[in-house]
Amino acid sequence: MASAAARRHARAAFQIALERNELDIWRGDLENLSQAVKDPLLYAFLENPKVHLDSKVKVLRQVLTGINPMVLNLVQLLVSRGRLNIITDVVREYGRMVDEKKGIAHAGVTAAVKLSSDEEDKLARRLGDIVGSKVVVSSDVAPEIIGGLIIKVGDKLIDGSTKSKFTALKKSMGGSVK
């Protein structure tokens, strides 16, 4: 879950990009930025309080050639406030806002075993038919659910796991099943 600060920065970036009709340009630049700061040396340099902001900006311009100047302003703001650690959440939240604007829903799927890409694609199409929009599936593995799937799309949760069915059966039998 993104922090309030990450959501605020993402919302501001989204509004600017929307007004300038640059949603996809910003998305690409933000993703490039996020990838760049995953470099431990660059991250340590940018977070070092002993290094002057001007030096940090100069290095950022060299590393992020061709980046939108407004995106560069955002990273400068985060660096100057010592908030570079939220950039991944800002990028994720921005992407969610862009997808929402484009009518793309995201589904989190938990399965007992790893789903193949073919199974994820079929599930995405099926969920898309149900919710009436394109769905992007991201899946996790949780062997403890025993079987079935747990699906979260937006604020809706569908628990079709074997574990939840066992729990419901146990409850209906008065808790006598061990």
Side-chain angles (χ1 to χ4, degrees), residues 1-11 13-14 17 23-24 26-47 63 71 74-75 78 82-178:
M1 188 69 162
S3 68
R7 283 191 301 274
R8 269 193 317 275
H9 289 294
R11 194 172 15 258
F14 178 79
L23 290 175
D24 292 330
W26 274 70
R27 184 180 225 164
D29 284 351
L30 285 169
E31 287 172 359
N32 289 340
L33 167 64
S34 180
Q35 283 301 107
V37 298
K38 285 182 181 174
D39 177 332
L41 291 174
L42 178 61
Y43 187 85
F45 174 79
L46 294 173
E47 286 289 288
V63 171
V71 175
L74 172 63
V75 72
L78 293 174
R83 300 301 309 264
L84 193 58
N85 62 324
I86 67 169
I87 192 63
T88 302
D89 288 341
V90 170
V91 173
R92 186 180 308 115
E93 187 67 13
Y94 176 86
R96 187 197 62 73
M97 290 176 185
V98 171
D99 286 349
E100 186 177 301
K101 175 77 174 160
K102 292 181 175 187
I104 299 171
H106 287 261
V109 177
T110 304
V113 296
K114 181 163 177 37
L115 298 177
S116 70
S117 59
D118 187 46
E119 290 170 323
E120 282 185 1
D121 291 345
K122 286 179 184 174
L123 185 57
R125 284 193 299 277
R126 178 82 169 108
L127 290 171
D129 291 343
I130 293 169
V131 299
S133 65
K134 182 180 177 190
V135 174
V136 176
V137 170
S138 60
S139 61
D140 290 322
V141 175
E144 64 272 11
I145 72 167
I146 304 169
L149 300 172
I150 300 173
I151 302 168
K152 185 169 184 351
V153 181
D155 60 353
K156 296 192 179 18
L157 180 71
I158 303 165
D159 189 345
S161 67
T162 304
K163 182 179 179 179
S164 70
K165 290 177 183 174
F166 282 149
T167 302
L169 177 61
K170 182 178 176 181
K171 189 183 259 184
S172 73
M173 296 179 76
S176 62
V177 179
K178 301 249 178 198

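We number each residue from 1, following the sequence as shown. What you are looking at is a predicted structure, and each value in this text was computed from that prediction instead of being measured.
Closest of all the heavy-atom pairs between Ala10 and Tyr94 is CB-N, 3.7 Å. Of all heavy-atom pairs spanning Glu47 and Leu84, the tightest one is OE2-CB, 3.1 Å. Smallest separation of non-hydrogen atoms from Ser133 and Ala105: OG-CB, 3.8 Å. Across Val135 and Ala107, no two heavy atoms sit closer than the pair CG1-CB, 3.7 Å. Across Ala36 and Leu42, no two heavy atoms sit closer than the pair O-CD2, 3.4 Å. Closest of all the heavy-atom pairs between Tyr43 and Val37 is CB-O, 3.4 Å.
Atoms CG and CG, from Leu123 and Leu149 in turn, are 6.5 Å apart once rounded to the nearest 0.5 Å. A distance of 12.5 Å separates NE2 of His9 from CD of Glu93, quoted to the nearest 0.5 Å. To the nearest 0.5 Å, atom OG1 of residue Thr110 and atom CD1 of residue Ile145 are 6.0 Å apart. Remark: Lys101 NZ to Leu23 CG distance equals 7.5 Å, nearest 0.5 Å.
A salt bridge links Asp118 with Lys122: at least one charged nitrogen is closer than 4.0 Å to a carboxylate oxygen.
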Requested in this report: Would you sort out whether Gln35 and Glu31 count as a side chain to side chain contact (heavy atoms under 4.5 Å, CB included), showing the intermediate values?
Outcome: CA-CA 6 Å; Gln35 283 301 107; Glu31 287 172 359; 5.7 Å; no
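When side chains are defined from C-beta on, Val141 counts as touching Pro143, because their heavy atoms get closer than 4.5 Å. Considering only heavy atoms from C-beta on, Leu46 stays 4.5 Å or farther from Val75 through its side chain. Within the 4.5 Å cutoff, the side chain of Val136 has heavy atoms near those of the Ile104 side chain. Between Val137 and Asp121, the closest side-chain pair of non-hydrogen atoms is not below 4.5 Å.
Every pair tested for salt bridge (charged side-chain N to carboxylate O under 4.0 Å, His left out) that includes a residue from residues 139-166 fails, sequence neighbours excluded, so the list is empty.
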